[in-house]
Engineer: 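Dumping the structure here so I can ask a few things about it.
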Amino acid sequence: MPTYVAHDESDYAPPTEVAEVELYHPKTFLGKYVWSQDAKIIAIQYGVTAIGVGVIALVLSWLMRLQLAYPNQFSFIDPSNYLQFVSMHGMIMVVYLLTALFLGGFGNYLIPLMVGARDMVFPYVNMLSYWVYLFAVLLLVASFFVPGGPTGAGWTLYPPQAILDGTPGASWGIILMLVSLAFFIIGFTMGGLNYVVTVLQARTRGMTLMRMPLTIWGIFMATILALLAFPALFVSAIMMILDLTLGTSFFMPAIVSKGQALSHDGGSPILFQHLFWFFGHPEVYIVALPAFGIVSDLIAVHARKNIFGYRMMVWAIVAIGGLSFIVWAHHMYVSGMNPYFGFFFATTTLIIAIPTAIKVYNWVLTLWRGDIHLSVPMLFAIGFIFTFVIGGLTGLFLGNVVVDLPLSDTMFVVAHFHMVMAIAPILVVFGAIYHWYPKITGRMLHDGMGKFHFWITFVGSYAIYYPMHYLGFMGVPRRYYAVTGTNFIPDSAHSLNVAITIAALVVGAAQVVFLYNLVRSYYRGAPSGGNPWNATSLEWQTPHTPPEHGNFGKELPVVYRWAYDYSVPGVRHDFIPQNVPPSEVPSGSWAKP
């Protein structure tokens, strides 16, 4: 193993290139906790808002499941309501919960702390980004209270259906949805520019790109994807609003509705699908890449082992980001594309599985012969690996044109999408909260409640989505208000729907334990100390826990090594933090540059 050789410490920590950010220190309660420019407070604001709107989406999913299990038993769930619940649930979970939580929440909290910065480079713009996001959420929720209610066009919002009379929420509902998305993208752009510039320009001395924790690499690459992909959704939202309000024909062809020819002529609904999925498929990785990075760090910390193949992991993240822009039309095989295009998108879909598989191999090899501590964060990380692999394998079915055609728009798609895009990242969200909650509050979450929460969530999620694959093979369609009384669907499908609904209600109810744990532990949790997990990255080396405004006191840390020096022989606590100089490491101890 390599050993340290005495050098001048400037060899390991070159001088800083950018002056420190001059911080605005608030003087009032409102300035500190409401109109805050501190990235840590903004992260908590993002997190609380995202979880709040996520609870709304969870309740909507319960209502959908009740209808499927017990059709026509609830007078307040009619076909229009059901389609509205489906649409709002999908859009909230994908965009307003997961994207906001990973980038707005974890991005804001972790980027300055993990790269050794005082704050984001543009704190005022960062503050504005949250308030624009909150305004977008309020607009979305307001659609429940306008005439006609929220849109029922499905979360993909395909025209011409989305803006034609007869579709629930085809006037006020769809307008509020599209305007809300536009404001969400404006707010994200403010925050995203902050994340990218902070990572590139505000890293502390010695924090080279190849010393950054993989969490930062995942958030950084996801932000770049979002800055490039969200404009496609933004322009398509504006164009659809114009089609509805001014009678333009970007997406609306010549069409007859209710016996009357509409004024539209020459628009292309397929154009909207291309624009939507040019955003929609990178969106999968906008959520997945931060999850990949966070899981890598959780595994390294709780297995007490350096991450296997760090540089390979970094380049896999970059490759996934690049390839995600050339696979979007595998969502559109049933739209009638040329078979040669189908071949191209099926091939690129298989190719993008290669860097993704590399990450899975590296996680498994990191766990191999590690000193695995089955803490709550580690349980969620391991649960993510299982779930993501299973969801990825079912994705290979849908990436193949011939197999996708009969499975498209069946419950198989719902099962695959939720395993990859819902359960897997949500497991990471929970693991990350259990891991960094001590840093945010100075207190530990209750371990017993955490393990109860994990097992109910993990096992219950499989009870929900495993049977859905079978339903898809039977041909049960998705988004249908009721599937009873059809000759091609056997009675077993109804029995499965009842079992799935019971599991969904149990898993949803278990989240109350998690929320109770968050609140209870804030007041009564055991003190955590500054570094309860014995981690090496910079956020655990702050002089105060929770970190004060400015993060690191008078002096910013200096970085001398990567973030994964675990199980190091010859050192007292088996790990070496990133800011420990070489002169303080015993001779013969192993460390990466």
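Numbers for residues simply follow the sequence, beginning at 1.
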Engineer: Could you report the tightest heavy-atom contact between Val94 and Val287, atom names first, then the distance?
Structural biologist: O-CG2, 4.4 Å
Engineer: Between Ile352 and Tyr285, is any pair of side-chain heavy atoms under 4.5 Å apart?
Structural biologist: yes
Engineer: Just by modelled atom types, is the Ala504 backbone N or O under 3.5 Å from a matching donor or acceptor in the Trp62 side chain?
Structural biologist: yes
Engineer: Nearest 0.5 Å, please: how far is CD1 in Ile41 from NE2 in His549?
Structural biologist: 9.0 Å
Engineer: Looking at Leu505, is its backbone amide N or carbonyl O close enough to the side chain of Arg65 to form a donor-acceptor pair, meaning the two atoms are under 3.5 Å apart?
Structural biologist: no
Engineer: Over all heavy atoms of both residues, which pair between Arg443 and Gly525 is shortest? Give the atoms and the distance, please.
Structural biologist: NH1-O, 2.6 Å
Engineer: Using side chain to side chain contact (heavy atoms under 4.5 Å, CB included), reason through Met210 and Val314 one step at a time and then give a plain yes or no.
Structural biologist: CA-CA 8 Å; Met210 284 300 173; Val314 170; 3.8 Å; yes
Engineer: Within the distance-only criterion (no hydrogens, no angle test), does the side chain of Ser61 pair as donor or acceptor with the backbone N or O of Leu58 below 3.5 angstrom?
Structural biologist: yes
Engineer: Looking only at heavy atoms, which two atoms of Met190 and Val125 are closest? And how far apart?
Structural biologist: CB-CG1, 3.6 Å
Engineer: Assert yes or no for the condition that the ring centre distance of Phe575 to Trp540 is strictly below 6.0 Å.
Structural biologist: no
Engineer: Before we go on, tell me: are the rings of Trp155 and Phe276 under 6.0 Å apart, centre to centre?
Structural biologist: yes
Engineer: With side chain to side chain contact (heavy atoms under 4.5 Å, CB included) as the criterion, how do Arg561 and Val580 come out once you've worked through the C-alpha distance, each side chain's angles and the decisive distance to 0.1 Å?
Structural biologist: CA-CA 8 Å; Arg561 71 196 78 249; Val580 172; 4.1 Å; yes
Engineer: Any side-chain donor-acceptor pair under 3.5 Å between Asn362 and Tyr310?
Structural biologist: no
Engineer: Evaluate the side chain to side chain contact (heavy atoms under 4.5 Å, CB included) criterion for residues Lys40 and Asn551: first the C-alpha distance (whole Å), next the side-chain angles of each, then the deciding distance (0.1 Å), finally the verdict.
Structural biologist: CA-CA 9 Å; Lys40 298 184 295 297; Asn551 295 338; 2.7 Å; yes
Engineer: Is the Phe183 ring parallel, tilted or perpendicular to the Phe135 ring (thresholds 30°, 60°)?
Structural biologist: perpendicular
Engineer: Are Phe417 and Leu398 packed together at the side-chain level, in the sense that at least one heavy-atom pair is separated by less than 4.5 angstrom?
Structural biologist: no
Engineer: Is there side-chain contact between Asn306 and Asp565, with at least one heavy-atom pair below 4.5 Å?
Structural biologist: no
Engineer: Backbone N or O of Gly391 within a donor-acceptor pair of the Thr394 side chain at under 3.5 Å?
Structural biologist: yes
Engineer: Can you tell me how far the NE2 atom of His302 sits from the NE2 atom of His373, to the nearest 0.5 Å?
Structural biologist: 9.5 Å
Engineer: Verify the ring-centre separation between Phe230 and Phe279: is it less than 6.0 angstrom?
Structural biologist: yes
Engineer: A quick test of your reading: do over 12 heavy atoms of other residues, nucleotides or ligands sit less than 6.0 Å from CZ of Phe308?
Structural biologist: no
Engineer: Determine yes or no for a side-chain-to-main-chain donor-acceptor pair under 3.5 angstrom, with Ser324 supplying the side chain and Gly321 the backbone.
Structural biologist: yes
Engineer: If you measure from CD1 on Ile576 to OG1 on Thr536, what distance do you get to the nearest 0.5 Å?
Structural biologist: 9.5 Å
Engineer: Given the rule in the side chain to side chain contact (heavy atoms under 4.5 Å, CB included) test, do His418 and Ile464 qualify, once you have shown the distances and angles that lead to the verdict?
Structural biologist: CA-CA 10 Å; His418 279 78; Ile464 297 169; over 6 Å; no
Engineer: Report yes if some heavy atom in the side chain of Leu98 is under 4.5 Å from a heavy atom in the side chain of Ile426; otherwise report no.
Structural biologist: yes
Engineer: Within the distance-only criterion (no hydrogens, no angle test), does the side chain of Tyr566 pair as donor or acceptor with the backbone N or O of Ala303 below 3.5 angstrom?
Structural biologist: no
Engineer: Under 3.5 Å, is there a donor-acceptor pair between the side chain of Ser528 and the main chain of Gly442?
Structural biologist: yes
Engineer: How long is the gap from CE on Met221 to CD1 on Ile219, to the nearest 0.5 Å?
Structural biologist: 14.0 Å
Engineer: Which label fits Phe454 and Phe380: parallel for a plane angle under 30°, tilted from 30 to 60°, or perpendicular past 60°?
Structural biologist: perpendicular
Engineer: So, do Tyr96 and Leu181 sit near enough that their side-chain heavy atoms are less than 4.5 Å apart?
Structural biologist: yes
Engineer: In terms of side-chain heavy atoms, does Glu548 have a donor or acceptor partner in Thr542 at a distance below 3.5 Å?
Structural biologist: no
Engineer: Around atom CE of Met312, are there more than 12 heavy atoms of other residues, nucleotides or ligands at under 6.0 Å?
Structural biologist: no
Engineer: State whether the side chain of Gln201 and the backbone N or O of Val196 hold a donor-acceptor pair below 3.5 Å, judged by distance alone.
Structural biologist: no
Engineer: Any sub-3.5 Å donor-acceptor pair from Glu539's side-chain atoms to Trp436's backbone N or O?
Structural biologist: no
Engineer: Centroid separation under 6.0 Å, is that true for the rings of Phe188 and Tyr133?
Structural biologist: no
Engineer: Tell me whether the centres of the aromatic rings in Tyr462 and Tyr465 are closer together than 6.0 Å.
Structural biologist: no
Engineer: Contact between Pro546 and Ile440 at the side-chain level, heavy atoms closer than 4.5 Å - yes or no?
Structural biologist: no
Engineer: Could you pull out the closest heavy-atom pair between Pro213 and Asp297, with the gap in Å?
Structural biologist: CB-OD2, 3.5 Å
Engineer: Of all the heavy-atom pairs spanning Pro547 and Lys439, show the shortest one and how long it is.
Structural biologist: CD-O, 3.5 Å
Engineer: Is the Tyr564 ring parallel, tilted or perpendicular to the Trp562 ring (thresholds 30°, 60°)?
Structural biologist: perpendicular
Engineer: Heavy-atom distance under 4.5 Å between the side chains of Gln37 and Asn126, does that happen here?
Structural biologist: no
Engineer: Looking just at side-chain N and O atoms, do Tyr46 and Ser129 make a donor-acceptor pair shorter than 3.5 Å?
Structural biologist: yes
Engineer: I need the Lys359 NZ to Ile385 CD1 distance, nearest 0.5 Å.
Structural biologist: 11.0 Å
Engineer: Closest approach of Gly431 and Leu298, non-hydrogen atoms and distance?
Structural biologist: C-CD1, 3.9 Å
Engineer: Please check: side-chain N/O of Lys305 versus main-chain N/O of Trp368, any donor-acceptor pairing under 3.5 Å?
Structural biologist: yes
Engineer: Rounded to the nearest 0.5 Å, what separation is found between the CE atom of Met468 and the CD1 atom of Ile500?
Structural biologist: 4.5 Å
Engineer: Using the ring centroid of each side chain, check whether Trp363 and Phe292 are separated by less than 6.0 Å.
Structural biologist: yes
Engineer: Within the 4.5 Å heavy-atom criterion, are Val428 and Phe102 side-chain neighbours or not?
Structural biologist: yes
